[in-house]
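Reviewing the structure listed below.
As the structure is a computational prediction, the values presented were derived from the model and not from experiment.
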Amino acid sequence: MSGVLGAYADRRTWEVAAYLLLGLPLGVLGFVLLVTGFSLGLGLLVTLLGIPVLVVTILLARTLASFERRLASTLLEAPMPLGGGRIPDEPDRGLWRRLRAMFGGARTWWEVGFLLLRFPLGLLDFLVLVSIATLALCGFVQPILVAVGVDDQIGGWTIDTFGESLVLVPVSMVFLAVGPWLIRRCGRVPAWVATTMLGRLEQRELKRAVVHTLESTGEADGFLILDELELQFGRGPFLTATRVQAALLALESTEQVVGRRDASRTLYALA
């Protein structure tokens with residue numbers, strides 16, 4: 001009994017339940033925003049009025065995706081890059097380059113894809129949560145309904161006696177016991193989806209972060225650079241030693257970074 005009560009007192013249970021409950025309204029909001037914005041923008045594209053409509057749609061989508069990112073990180077503890085993984089743009093970057101980066105960036109379309117997928121997955125999350133809550137409570141509500149003279153029907157079975165109303169009590173007791181565990185388990189799928197689609201660090205931004213790190217450290221090996229980047233972005237699948245090494249190799253190929261062997265390691269510095 002103490003274990004069951006402890007599960008209901010666990011803050012994680014209610015945080016995951018809140019995320020599952022918000023899945024439907026947020027899913028509908030994102031779906032309507034994108035479908036309406038893209039339909040209107042593409043329809044007006046021949047008059048050039050569609051361009052600002054598409055820009056506003058993408059900006060609203062990125063804002064909603066940022067909220068979803070914080071929500072998943074807070075309620076599901078899904079690994080996410082700190083600050084959304086974005087590095088401030090250079091001050092001299094023009095409007096056209098900003099728009100091109102926004103529409104051409106892979107993360108923008110991953111965010112759009114997440115918002116579209118959020119509708120069916122959010123609906124499923126909502127139905128799962130409601131089903132668990134219904135099965136956990138119906139056995140205890142049914143006797144009260146019968147006592148006040150309200151008959152219920154399950155399929156072709158009419159529950160109109162007190163004895164019949166007690167049939168569902170064992171089912172509700174089982175779901176009351178395992179409900180918190182089921183809810184936390186159900187939260188793993190949306191956490192994985194959110195991390196995969198929203199917890200992304202684009203390679204161009206990773207390269208910029210490596211350059212900024214070498215500007216402050218002067219010279220460092222791959223492990224030190226990874227440690228510094230983890231302080232900036234946090235830990236997660238979006239930042240791995242392989243991705244950092246790929247960024248260093250890409251910077252070496254463009255002669256922005258030079259590497260030199262020092263015993264058993266390679267030290268990197270800005271060219």
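With sequence neighbours excluded, the residues that form a side-chain hydrogen bond (donor to acceptor under 3.5 Å, both in side chains) with R265 are D221. Legend: residues meeting side-chain hydrogen bond (donor to acceptor under 3.5 Å, both in side chains) with E252, ordered by chain and number and at least two apart, are absent.
Judged purely by atom type and a 3.5 angstrom limit, T240 has no side-chain atom pairing as donor or acceptor with the backbone of P237. Between the side chain of T36 and the backbone N or O of L33, no donor-acceptor pair lies under 3.5 Å. Between the S216 side chain and the T213 main chain, a donor and an acceptor come within less than 3.5 Å of each other. One N or O on the side chain of R107 and one on the backbone of R200 form a donor-acceptor pair closer than 3.5 Å. Judged by distance alone, with hydrogens and angles left aside, the side-chain atoms of R184 form no donor-acceptor pair with the main-chain N or O of V16 at under 3.5 Å. For the pair S73 (side chain) and R69 (backbone), a donor-acceptor distance under 3.5 Å is absent. Using modelled atom types, one side-chain atom of S172 and one backbone atom of L135 make a donor-acceptor pair closer than 3.5 Å.
V53 shares a hydrophobic cluster with L40, L44, L49; the chain of contacts runs through ILVMFWY side chains whose heavy atoms sit under 4.5 Å apart.
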**Request:** Might you work through the side-chain contact (heavy atoms from CB on, under 4.5 Å) test for F175 and L182, ending with a clear yes or no?
**Result:** CA-CA 9 Å; F175 274 90; L182 288 175; 4.1 Å; yes
**Message:** Evaluate V258 against Y268 for side-chain contact (heavy atoms from CB on, under 4.5 Å), listing each step before the verdict.
**Reply:** CA-CA 6 Å; V258 294; Y268 298 92; over 6 Å; no
**Message:** Between I58 and F38, does the side-chain contact (heavy atoms from CB on, under 4.5 Å) criterion hold? Intermediate values first, please.
**Reply:** CA-CA 9 Å; I58 291 295; F38 281 129; 3.8 Å; yes
**Verdict with supporting geometry, L22 and E68, side-chain contact (heavy atoms from CB on, under 4.5 Å)** = CA-CA 10 Å; L22 289 170; E68 288 276 12; over 6 Å; no
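Separating the CD atom in E202 from the CZ atom in R208 is a distance of 10.5 Å, to the nearest 0.5 Å.
Across every non-hydrogen atom of G222 and V244, the tightest pair is O-CG1, 4.4 Å. Across Q232 and A209, no two heavy atoms sit closer than the pair OE1-CB, 4.2 Å.
Salt bridge status for R12 with E15: present, with a side-chain N to carboxylate O gap under 4.0 Å.
Between W109 and F103, the two ring planes are tilted [angle within 30° to 60°].
Both M80 and F67 are assigned to one and the same hydrophobic cluster, defined by single-linkage of ILVMFWY side chains at heavy-atom distances under 4.5 Å.
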